[in-house]
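Both backbone and side-chain heavy atoms feed into the values below; hydrogens, waters and symmetry mates do not. Computed from a predicted model, the values in this text were never measured in an experiment. Chain letters run A, B, ... following the sequence lines, proteins first, then strands; residues in each count from 1.
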Amino acid sequence: MANSDLIVGLEIGTSKICVVVGETRPDGTLRILGVGQAPSRGVRKGEIVDFETAMKCVHEAVVDAEQKSDVMIRSVYVAVAGGHIQSFNNRGCVLLPEERDEIDDQDVEDVKINAREVSIPAQNAFLHSIIQHYQVDGQDGVLNPVGMLGGKLEADFHIIHGVRTRIQNTIRCVKELPLEVEDVVFSALASAQVVLTQHQKNLGALVVDIGGGTTDYILYVDGAVKQSGAIAIGGDHITNDISMGLRIPMARAEKLKTEEGSCVLGNCLPGETILLKDDSGFAGKEIERETLNTIIHLRLRETFELLKRTVEEEPFINYVGAGIFITGGCSLVNGIDHLAGEIFEMPAHVTHAQTLSGLTSAVENPQFSTAIGLLKYAQAVQVDRPRRGITRIFGRFFSGMR
Amino acid sequence: MIQLSKNYSLPERQEEPIPIKVVGVGSAGSNALDRVLLDGMDKADLIAINTDVQSLASSVAARKVQLGRSSTHGLGTGGDPELGYQAAIESADEIRQAIAGARMIFICAGLGGGTGSGAAPIVAQLAREAGSLVIAFATLPFSFEGKRRAAQAQDALSRLNEIANAVICFENDRMGDMVAPKAGIHQAFGIADMTISQSVRSIVNLIQRPGLIRIGFDDLFAALRSQNGRCLFGFGESDTDNRAHDALTQALKNPLMDKGRMLSEAAHVLVQVAGGPGMTLSEVEILMRELGRHVRDHTQIVFGTAVDGKMGNRLSVTIISSLASEDSIATQDTSPPPEPFLAPPPAILEQVEEQPPAPPKIDIVPEIESAALPEPAPDDLIAVEPPVAAEAPPPPVPAPSIKKPAPRLIPPKKKPVMEKEAKPPKEKIVQVKQEVLQFEPVTRGRFEKSEPTIVEGQDLDIPTFLRKNIRVK
Ligand SMILES: Nc1nc2c(ncn2[C@@H]2O[C@H](COP(=O)(O)OP(=O)(O)OP(=O)(O)O)[C@@H](O)[C@H]2O)c(=O)[nH]1
Ligand SMILES: Nc1ncnc2c1ncn2[C@@H]1O[C@H](COP(=O)(O)OP(=O)(O)OP(=O)(O)O)[C@@H](O)[C@H]1O
Ligand SMILES: [Mg+2]
Ligand SMILES: [Mg+2]
């Protein structure tokens with residue numbers, strides 16, 4: 001097996017670190033060889049706050065993945081998240097020289113560069129410039145302008161950027177292991193590659209990855225990315241709310257949330273309680289089920305409503321036809337699809353990675369969507385353009401990725 | 001030594017009541033006010049003041065003032081004291097009208113949010129300007145509510161300390177210790193409401209029912225004024241054969257009082273005993289003698305009794321006191337000199353974290369007075385007594401004029417910290433130890449190391465149910 005067929009995705013999440021090893025097959029399909037995992041420490045709200053500790057955890061997960069897939073990992077695609085990640089749409093434009101009227105590769109490169117000639121905060125760096133549409137002499141809907149005749153090439157891009165030092169923190173953490181970083185990918189962009197089909201992207205879809213520390217989202221309309229971003233709220237907040245509201249330790253609250261929690265209200269019998277067993281097996285305390293669910297409901301409702309207000313700042317949500325696709329660990333909260341559906345007034349689905357072969361059990365866990373998505377992302381990028389060893393981390397463009 | 005006047009007798013007939021108004025500012029304040037009313041209060045007028053019309057609508061207070069009709073549009077301030085301040089300024093005339101004619105104004109507020117923190121100092125200010133004496137009852141937020149709220153609360157507290165004649169401050173964290181671990185946060189707030197209610201009612205009773213000893217306002221304020229010292233609070237109630245002893249024992253059970261040992265450091269102790277018509281003099285004597293064992297000879301006990309038909313066989317004891325910090329002992333018996341208000345210099349947030357915990361505090365005992373619904377006395381509640389000319393207030397301490405609140409960041413108070421370290425007083429060792437035991441070190445819990453998630457002016461790390469003020473049980 002040629003090493004270049006091997007792709008490794010790494011997510012340094014708030015709750016867990018996940019390393020997915022896959023291979024691309026000659027027929028173009030992806031096969032998962034193994035998934036390594038380790039609980040995450042030193043990460044809050046998707047960002048590394050304790051470098052040494054986080055590094056140890058990443059190392060642990062990488063070793064686990066190597067053992068399970070029986071390969072040596074040298075380089076990885078890394079997901080990044082965090083409340084600092086922002087995006088906007090911008091149009092680039094190039095005029096062809098008088099003596100030439102056929103658009104070539106260089107024009108396509110130039111129009112991308114032009115689209116980035118906008119100011120982002122000084123401390124920020126570009127993560128992605130994702131092509132939405134080309135226009136040739138004002139004509140819409142051009143998918144590939146190379147070879148077309150025209151005088152003016154325009155292109156709309158969705159540009160994602162974030163705070164440079166925070167992105168570099170993640171890269172540094174991986175490089176010190178030492179591993180090579182093939183690329184850095186915004187986590188929701190990665191997740192979207194495996195939870196959505198091309199058809200759903202065309203219909204219009206909102207992907208929401210709710211993890212332990214962040215809620216990352218990306219919105220597609222007409223097959224193109226229109227909006228994306230992250231809110232620094234996640235499952236940790238739900239757990240923290242439960243811990244405060246019921247006055248129980250965080251570990252207890254976490255267990256209660258995952259094993260008993262729901263965000264649907266009014267489904268409990270009056271006075272229905274959950275008996276929390278003491279660790280020593282002695283009679284514990286009773287918790288009212290409706291109280292637990294109310295705490296979860298209020299937090300998730302608030303998060304969805306905030307997300308809705310955020311995406312409604314632009315018109316695109318109105319063109320979403322396929323609905324909302326919720327993934328990440330928190331998508332496992334009972335009834336979350338109903339709540340999201342009610343708030344956004346559109347169909348909502350809980351999903352995980354689709355259409356991959358290999359370890360299906362891993363694929364079916366929504367906590368792995370981001371890491372698996374990295375493989376699909378990498379595959380698309382590699383098809384688009386030959387590998388060139390260590391790639392430029394910031395400031396790369398590609399057209400195949402949508 | 002306890003000084004009981006020689007010709008005491010339980011009062012039969014009430015004298016002309018002193019006009020007192022109790023004002024709840026902000027949602028927490030008006031919840032506490034509701035509690036005061038529900039627990040029974042017919043000797044003072046109650047006024048709810050808030051930006052939030054929903055909260056106002058649900059308040060049972062007879063008089064309500066909406067703040068900032070045009071600046072907050074009937075919504076809360078979303079935790080912004082600046083807005084709370086603006087709203088109060090906008091509605092200053094209405095506040096003046098509502099509080100007019102009172103000899104004493106009691107202000108209840110939960111500090112940390114926007115309305116309570118921003119508007120309560122203004123209400124205090126207006127009350128002082130109108131010649132009223134002001135006692136503020138405030139709570140400091142739970143530590144898990146976040147540093148921002150804590151800083152806002154401290155800021156408001158120091159403002160109140162400058163303006164009010166006395167400030168009684170309760171720490172919510174301590175309330176949290178009082179409720180069973182099974183209880184939710186709403187129950188902790190319930191305890192806070194109850195504590196405020198008990199202390200408000202005790203003091204109102206103390207003033208309205210002169211009882212055995214006529215209490216001078218000087219004595220009252222001397223006992224209440226904490227001057228950066230430590231407030232003590234205890235409440236006990238009993239209906240046993242030995243109810244005087246039992247009620248006192250309960251009141252002294254307060255952990256901060258350290259079984260009464262803390263009381264021995266107090267210069268003034270305020271005691272209020274309430275009971276049904278069956279309460280006897282010998283019971284009161286027993287109680288005072290026992291209490292005498294817990295105080296030093298020269299401690300002045302400000303003492304009052306109230307006969308309350310609703311008490312039945314029960315007898316209750318409320319103890320309120322303050323431990324002077326060393327520097328303030330000299331000024332304890334006089335009114336606080338009007339401190340010139342200095343706008344704190346801008347400070348960075350990190351420095352706020354260096355702040356020592358707020359010194360003034362009162363602890364409570366967990367015993368809950370069974371909530372008896374008040375006998376309907378609507379006339380008393382609504383009628384505004386005109387100020388009695390003979391009881392014209394003493395020339396009030398010139399209060400500082402209204403100023404824009406300084407930046408809501410607390411200036412680094414390096415000095416007090418250094419002073420404390422420089423001369424560790426022997427007697428205070430107990431206190432220090434208690435703080436270690438009783439304070440939870442957590443402030444932001446899980447999100448300690450991360451940047452706070454502030455969206456649309458709200459700290460989203462604070463539990464949603466708490467910010468939305470939804471009682472989860
Ligand atoms: N005693 C008591 N305290 C409360 C209650 N609810 C909240 N608090 C506390 O009071 C503080 C202030 O909260 P609120 O009173 O709701 O805020 P507000 O003053 O109305 O200000 P805004 O709503 O921000 O305009 C909080 O930080 C809590 O610590 C309550 O029901 N009772
Ligand atoms: N069955 C379940 N029900 C509810 N919540 C769950 C369940 N299983 C996991 N979770 C929650 O999902 C969260 C972890 O999700 P995930 O693994 O996607 O996060 P992460 O990738 O580590 O974090 P992030 O992407 O935010 O940095 C935790 O808060 C966990 O409590
Ligand atoms: Mg994740
Ligand atoms: Mg309010």
Heavy-atom closest contact (A:Arg299 atom, B:Asp461 atom, distance)
NH2-O, 3.9 Å
Within this structure, what is the OG1-NE2 distance for the pair B:Thr453 and A:His237, rounded to the nearest 0.5 Å?
4.5 Å
A:Arg166 versus B:Glu451, closest heavy-atom pair with distance
NH2-OE1, 2.6 Å
Apply side-chain contact (heavy atoms from CB on, under 4.5 Å) to the pair B:Glu456 and A:Arg309, showing each step before the final yes or no.
CA-CA 11 Å; B:Glu456 296 164 358; A:Arg309 283 201 296 281; 2.7 Å; yes
Other residues, nucleotides, ligands: >12 heavy atoms within 6.0 Å of A:Glu314 CD
yes
Below 4.5 Å from any heavy atom of chain B, which atoms of A:Thr310 appear? Answer side chain, backbone, both or neither.
neither
Separation between CZ (B:Phe465) and CG (A:Asp241), nearest 0.5 Å, reads 6.0 Å
CG-CG distance between A:Leu298 and B:Leu466, expressed to the nearest 0.5 angstrom:
11.0 Å
Would you give the length of the straight line joining atom OG1 of B:Thr464 to atom CE of A:Met244, rounded to the nearest 0.5 angstrom?
12.0 Å
By a 4.5 Å heavy-atom criterion (distance strictly below it), what part of A:Leu306 contacts chain B: side chain, backbone, both, or neither?
side chain
Return yes when atom NZ of A:Lys308 has more than 12 non-hydrogen atoms of other residues, nucleotides or ligands closer than 6.0 Å, and no otherwise.
yes
